[in-house]
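A quick note: this is a predicted structure, and the numbers were derived from the prediction, not measured. Just so we're on the same page: letters track the sequence lines, and every chain starts at 1.
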Amino acid sequence: MSPARPVRVRFAPSPTGPLHIGGLRTALFNWLYARHQGGRFILRLEDTDQRRLVSGSAEHIMAMLRHYGLDYDEGPDIGGAFGPYVQSERRERHVRRAGWLVQEGAAYPCYCSAERLKAVNAEKRSRGEASGYDRHCRDLSVAQRAELDAAGETPVIRFRMPLEGQTLVRDAIRGELRFDNARLQDAVLLKSDGFPTYHLAHLVDDRDMQISHVMRSSEWLPSLPLHWQLWEAFGQEKPVYVHLPVILNPNGKGKLSKRHAGFTQNGRQVLVLAQEFIDAGYLPEAVGNFLTNIGWSMPDEREFFPVEAAIEGFELSRVNPADGVFPVEKLDWLNGMWIRELSVADLAQRVRPLLLQAGLEIDDALLRKVVPLMRERMRSLHDFAAMAGFFFSDSFAGPEADAIIQRRMDAAGTLGALQAARLRLEEMERIDCAALEGDMRALAQELGIKVGQLFGSLRVAVTGQRVSPPLFETMEILGLETCLERIDLAIATLQRQA
RNA sequence: GGCCCCAUCGUCUAGUGGCCCAGGAUGUCACCCUUUCAAGGUGAAGACACGGGUUCGAGUCCCGUUGGGGCUACCA
């Protein structure tokens with residue numbers, strides 16, 4: 001290719017269902033490359049298999065790209081100079097190119113029925129041979145074709161693969177690849193329903209849209225020689241092919257794909273859909289950062305970095321050709337890191353819908369006070385409601401006596417400690433967390449118990465939880481009145497026990 | 001079965017012939033900090049799949065074996 005060729009890359013999903021995380025990764029790498037090169041990132045919908053279309057998935061895919069910050073420069077909903085960006089709307093071009101190939105002798109009509117194809121395959125397999133089409137119609141005479149046409153047979157169009165020699169192909173991250181032509185198939189380019197197959201359609205569109213780099217998952221590698229030969233037939237400048245490694249299941253068995261949605265590994269649900277990562281409380285920043293680290297690495301080996309840094313450093317030469325397992329634990333770590341980067345206002349905004357979803361009432365002033373306490377200890381957005389949800393609930397069911405009583409304490413001792421703490425609190429007008437902590441430390445010493453024992457009882461009494469945000473900050477936010485009420489409740493519980 | 005791709009700690013990775021008795025990250029464990037949980041700090045354990053070559057020298061190049069993955073549709 002000429003060095004002056006402007007970089008134009010595309011993400012070309014089929015709107016056949018929800019966007020998969022592997023698809024998102026492919027989109028991300030294309031996007032990073034485009035942004036790094038100052039090129040264009042294009043979205044094209046490949047909807048040529050009419051039977052598999054799922055309504056709403058095109059909109060869903062676009063919504064996901066938007067959510068994860070992968071803005072495209074041309075696409076179905078925003079247009080562009082090379083439209084339309086929906087493949088089915090480009091059908092005439094595909095049909096025209098297929099016709100041209102037939103005229104040039106590079107393709108031919110095939111009248112074989114599905115049944116015959118199946119039988120041929122089965123027979124070849126039973127003989128231990130490689131399966132595949134036997135090229136029955138490859139050399140039909142003009143008269144034979146006319147006869148079949150007259151009989152009302154609708155042919156498919158197949159590519160006329162060279163029968164001998166080798167196809168030498170270059171992949172940007174794997175180097176020179178070599179394929180024996182004799183093993184290659186006369187692939188179908190145009191189906192009998194008049195729609196092109198992926199092979200024809202993507203290539204004609206990439207050609208028309210002046211795509212400079214075809215960056216896709218490595219499962220396309222086996223059809224690369226076919227595509228290469230097709231470009232040869234068109235006599236066109238070829239794009240650079242880049243085959244990205246595949247993301248494998250956490251157990252390393254098979255690629256992470258849609259059909260595995262909903263399965264669990266070590267008691268944990270394995271997430272595979274772009275939407276599932278949102279539902280699980282992961283930030284788009286964290287998911288993007290995470291995905292960037294699979295199959296690619298920063299020049300300085302940093303793993304936690306903003307997307308601008310990834311754009312800056314994104315070189316194809318740093319793509320690792322080996323398939324990789326999805327390292328989920330790292331996503332949790334990154335998510336925590338990214339949560340800590342957020343401002344109070346921003347994190348409050350992101351946590352808000354989850355609180356609503358948990359049926360909690362939101363007091364925004366209160367939320368702004370609680371967020372700083374929680375930011376340091378969250379890995380998922382869901383951790384907020386789990387640990388700090390009690391701030392937003394009026395109904396407080398007092399904890400069990402067992403929970404209030406700390407290690408190496410008994411009911412009577414705990415009761416005494418809480419009563420003493422209550423006396424100190426009563427004297428205050430309001431809670432000041434620093435002052436209260438000093439008071440309570442002194443009290444623990446007076447009582448001859450460990451601070452942890454006193455603080456633990458107080459924590460459970462006031463929050464109803466063994467684990468909570470820092471105790472005295474929590475009490476200050478809850479307010480003196482609420483704290484006294486809850487301590488009284490605990491005292492009553494302990495008295496019943498004693 | 002055939003064809004293709006791939007192979008460094010559990011996992012994600014650095015490494016492009018000497019800088020590597022292999023570095024980072026995560027996870028695990030221990031300790032420190034500490035009112036719980038986190039966060040943070042310090043430390044530990046942990047890998048070049050195997051066998052042949054090439055070379056003065058191989059994680060790095062070549063061949064084979066093994067293992068893993070992908071493709072093998074009128075799906076993409």
Where at least one partner belongs to [range], residue pairs that pass salt bridge (charged side-chain N to carboxylate O under 4.0 Å, His left out), sequence neighbours excluded:
| range | result |
| --- | --- |
| residues 13-29 of chain A | none |
| residues 107-124 of chain A | A:R116-A:D134, A:E123-A:R127 |
| residues 157-169 of chain A | A:D139-A:R160 |

Residue pairs passing the side-chain hydrogen bond (donor to acceptor under 3.5 Å, both in side chains) test where at least one lies in residues 447-462 of chain A, sequence neighbours excluded: A:R459-A:S468
Please, which pairs that meet side-chain hydrogen bond (donor to acceptor under 3.5 Å, both in side chains) have at least one residue in residues 374-387 of chain A, sequence neighbours excluded? none
Could you list the residues that satisfy salt bridge (Lys or Arg N to Asp or Glu O under 4.0 Å) with A:D47, not counting sequence neighbours? none
Across all chains, not counting sequence neighbours, the side-chain hydrogen bond (donor to acceptor under 3.5 Å, both in side chains) partners of A:D205 are A:Q87, A:R90, A:H94
With A:R302, which residues qualify under side-chain hydrogen bond (donor to acceptor under 3.5 Å, both in side chains), at least two apart? A:D300
Work out how far the P atom of B:rC4 is from that of B:rC12, and round it to whole angstrom. 26 Å
What interatomic distance, in whole Å, is found between P of B:rU42 and the corresponding atom of B:rA25? 10 Å
Expected string for nucleotides 36-51 of chain B under the B/S/- scheme (protein heavy atoms, under 4.0 Å, primed atoms plus P, OP1, OP2 as sugar-phosphate) is BBBS------------
Applying ring-ring contact (aromatic ring centres under 6.0 Å, His included), can you list everything that pairs with A:H243, at least two apart in sequence or on another chain? none
Could you list the protein-to-nucleotides 73-76 of chain B atom pairs, N/O on both sides, closer than 3.5 Å?
| residue | atom | partner | partner atom | Å |
| --- | --- | --- | --- | --- |
| B:rC74 | O2 | A:S192 | N | 2.7 |
| B:rC74 | O2 | A:S192 | OG | 2.8 |
| B:rC74 | N3 | A:S192 | OG | 2.9 |
| B:rC74 | N4 | A:C112 | O | 3.4 |
| B:rC75 | OP2 | A:K191 | NZ | 3.2 |
| B:rC75 | O5' | A:R51 | NH2 | 3.4 |
| B:rC75 | O2' | A:D49 | OD2 | 2.8 |
| B:rC75 | O2' | A:R52 | NE | 2.9 |
| B:rC75 | O2' | A:R52 | NH2 | 3.1 |
| B:rA76 | OP1 | A:T48 | OG1 | 2.8 |
| B:rA76 | OP1 | A:K191 | NZ | 3.2 |
| B:rA76 | OP2 | A:Y198 | N | 3.0 |
| B:rA76 | O4' | A:R52 | NH2 | 3.3 |
| B:rA76 | O3' | A:S14 | OG | 3.0 |
| B:rA76 | O3' | A:E46 | OE1 | 3.3 |
| B:rA76 | O2' | A:S14 | OG | 3.1 |

Counting distance alone, no hydrogens or angles: does the base of B:rG15 have a donor or acceptor under 3.5 Å from a partner atom on the side chain of A:E301? no
Enumerate the protein-to-nucleotides 6-8 of chain B contacts in which both atoms are nitrogen or oxygen and the separation is below 3.5 Å.
none

